[in-house]
Colleague: 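To start, I am sharing the structure in question, which I have written as structure tokens.
A quick note: this is a predicted structure, and the numbers were derived from the prediction, not measured. Chain A is the first sequence line, chain B the second, and so forth, proteins listed ahead of strands; every chain is numbered from 1.
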Number of protein chains: 2
Amino acid sequence: MKAAHQESTAPQILPEALFRALSDSTRLRAVVLLAREGELCVCELTIALRVSQPKMSRHLAVLRETRLVDVRRDGVWSHYRLAGGLPQWAREALRTVADGCYRQAPFARDVERLHRMPDRPGGRCST
Amino acid sequence: MKAAHQESTAPQILPEALFRALSDSTRLRAVVLLAREGELCVCELTIALRVSQPKMSRHLAVLRETRLVDVRRDGVWSHYRLAGGLPQWAREALRTVADGCYRQAPFARDVERLHRMPDRPGGRCST
DNA sequence: GCAATATATTCGATTATCCATATATATTCA
DNA sequence: TGAATATATATGGATAATCGAATATATTGC
């Protein structure tokens with residue numbers, strides 16, 4: 001009997017799709033930041049990465065389509081996190097890269113900007 | 001004092017360059033095959049991946065430029081292997097992906113074709 | 001010295017990707 | 001109900017990447 005989220009039968013990400021999705025700087029930074037910070041909304045990612053909102057949204061769409069991230073919608077708010085159903089090799093590869101690179105540019109600055117952000121929705125949604 | 005191969009000061013691969021290099025199917029398959037098989041020459045990779053020689057050569061050039069692979073030249077023969085000086089996060093990420101995916105298409109078939117190849121130069125160069 | 005072999009490179013055409021800008025959609029609040 | 005807010009989508013243009021075919025280069029063997 002399958003779990004409600006159907007991890008076992010959902011189309012699994014292929015390695016080529018994973019590498020293709022992360023070949024873009026904006027998407028890679030978003031994924032590394034999510035790996036470090038857990039869950040973030042679009043405006044947090046937009047501020048942290050210093051990109052325009054439509055651009056951020058477009059790249060998140062690619063990450064959704066590639067099944068690298070999951071979305072939790074809360075009214076007008078969309079909260080993103082790394083996908084729960086990733087195969088182990090994908091999860092571990094992302095973890096390895098994120099842990100190995102998050103202290104370096106551009107990732108370190110992304111985290112700085114996130115943590116300096118006033119009025120982070122994250123603070124609100126954990127209420 | 002630096003080691004002769006200058007691992008500590010050679011320009012290190014960046015995550016974006018790694019993902020970009022492996023976003024192409026041919027290059028990804030080549031790297032996974034090298035991760036499994038150690039060292040291969042151009043014609044072994046060409047046969048295993050069923051791509052034309054100029055195409056294989058062009059993609060290997062990209063992998064060399066990205067410093068993902070090293071070349072050992074022996075007369076007219078060029079033997080490729082995964083780069084020795086990769087940062088740990090890159091080495092581990094590649095290992096994780098290769099170990100996690102080598103049994104699946106298209107990687108499994110690439111290994112089969114390699115192992116079925118008659119007159120493998122590899123047999124000769126280990127002499 | 002030339003043919004054979006292995007490999008690398010070039011080039012024009014094609015395909016893919018990214019972008020800024022504009023706009024659409026959904027939700028919430030006064 | 002309309003304004004404000006958060007987010008998603010469309011589009012044409014620009015840029016980047018890939019490809020097959022052709023060709024170049026280097027080495028080896030006869």
Colleague: B/Leu63 has an atom CG; how far is it from atom C1' of C/dT7, in whole Å?
Modeller: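 Rounded to whole Å, this separation is 15 Å.
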Colleague: Please identify each residue that fulfils salt bridge (Lys or Arg N to Asp or Glu O under 4.0 Å) with A/Asp70, with sequence neighbours left out.
Modeller: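 Per chain and number, A/Asp70 pairs via salt bridge (Lys or Arg N to Asp or Glu O under 4.0 Å) with no residue.
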Colleague: Counting only pairs under 3.5 Å, give me each side-chain donor-acceptor contact of residues 97-104 of chain B, with atom names and distances, residues two or more places apart or in other chains.
Modeller:
| residue | atom | partner | partner atom | Å |
| --- | --- | --- | --- | --- |
| B/Asp99 | OD1 | B/Arg36 | NH1 | 3.0 |
| B/Asp99 | OD1 | B/Arg95 | NH1 | 3.1 |

Colleague: Could you give the CZ-to-C1' distance, from A/Arg27 to C/dC18, as a whole number of Å?
Modeller: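 Distance, rounded to whole Å: 9 Å.
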Colleague: In whole Å, I'd like the distance from the CD1 atom of A/Ile47 to the C1' atom of D/dT5.
Modeller: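 The distance from CD1 of A/Ile47 to C1' of D/dT5 comes to 14 Å, rounded to the nearest Å.
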Colleague: Strictly below 4.0 Å: does B/His59 bring a side-chain N or O up to OP1 or OP2 of D/dA17?
Modeller: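 For D/dA17, OP1/OP2 do not have a side-chain N/O of B/His59 under 4.0 Å.
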Colleague: Name the atoms and distances for all side-chain donor-acceptor pairs under 3.5 Å in residues 52-63 of chain A, with sequence neighbours left out.
Modeller:
| residue | atom | partner | partner atom | Å |
| --- | --- | --- | --- | --- |
| A/Ser52 | OG | A/Lys55 | N | 3.3 |
| A/His59 | ND1 | A/Arg27 | NH1 | 3.0 |

Colleague: Pull out every protein N or O sitting under 3.5 Å from an N or O of nucleotides 8-13 of chain C, one pair per line with the distance.
Modeller:
| residue | atom | partner | partner atom | Å |
| --- | --- | --- | --- | --- |
| C/dA8 | OP1 | B/Arg73 | NH1 | 3.2 |
| C/dA8 | OP1 | B/Tyr80 | OH | 2.6 |
| C/dA8 | OP2 | B/Ser57 | OG | 2.5 |
| C/dA8 | O5' | B/Ser57 | OG | 3.4 |
| C/dA8 | N7 | B/Gln53 | NE2 | 2.9 |
| C/dA8 | N6 | B/Gln53 | OE1 | 3.2 |
| C/dT9 | OP2 | B/Arg64 | NH2 | 3.3 |

Colleague: Suppose we screen for salt bridge (Lys or Arg N to Asp or Glu O under 4.0 Å). Which residues come up paired with B/Arg81, at least two apart in sequence or across chains?
Modeller: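 So B/Arg81 forms a salt bridge (Lys or Arg N to Asp or Glu O under 4.0 Å) with B/Glu39.
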Colleague: Return the value, rounded to whole Å, for the distance between atom CH2 of A/Trp77 and atom C1' of D/dT5.
Modeller: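 A/Trp77 atom CH2 is separated from D/dT5 atom C1' by 8 Å.
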Colleague: Establish whether B/Leu14 and A/Leu33 are linked, either directly or via other cluster members, by ILVMFWY side-chain heavy-atom contacts under 4.5 Å.
Modeller: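 In one cluster: no.
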Colleague: Establish, with yes or no, whether the OP1 or OP2 oxygen of C/dT17 is under 4.0 angstrom from a side-chain nitrogen or oxygen of B/Arg20.
Modeller: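 Checking C/dT17 against B/Arg20, no side-chain N or O comes under 4.0 Å of OP1 or OP2.
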Colleague: Provide, to the nearest angstrom, the distance between the CD atom belonging to A/Glu44 and the P atom belonging to D/dT7.
Modeller: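 Rounded to the whole Å, the gap is 9 Å.
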Colleague: Got a sec, which hydrophobics cluster with B/Ile47, joining ILVMFWY side chains under 4.5 Å apart, including via others?
Modeller: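 Taking Ile, Leu, Val, Met, Phe, Trp and Tyr as members, B/Ile47 shares its hydrophobic cluster with B/Met117.
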Colleague: From CG of B/Asp74 over to C1' of D/dA26, roughly how many Å is that when rounded to an integer?
Modeller: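 Taking CG of B/Asp74 and C1' of D/dA26, I get 13 Å after rounding.
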Colleague: Rounded to whole Å, how long is the line connecting atom CZ of B/Arg72 with atom P of D/dT27?
Modeller: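 Spelled out: CZ on B/Arg72 to P on D/dT27 is 16 Å.
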Colleague: Send over the distance from B/Arg120 CZ to C/dA6 P, rounded to a whole Å.
Modeller: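 To the nearest whole Å, that distance equals 15 Å.
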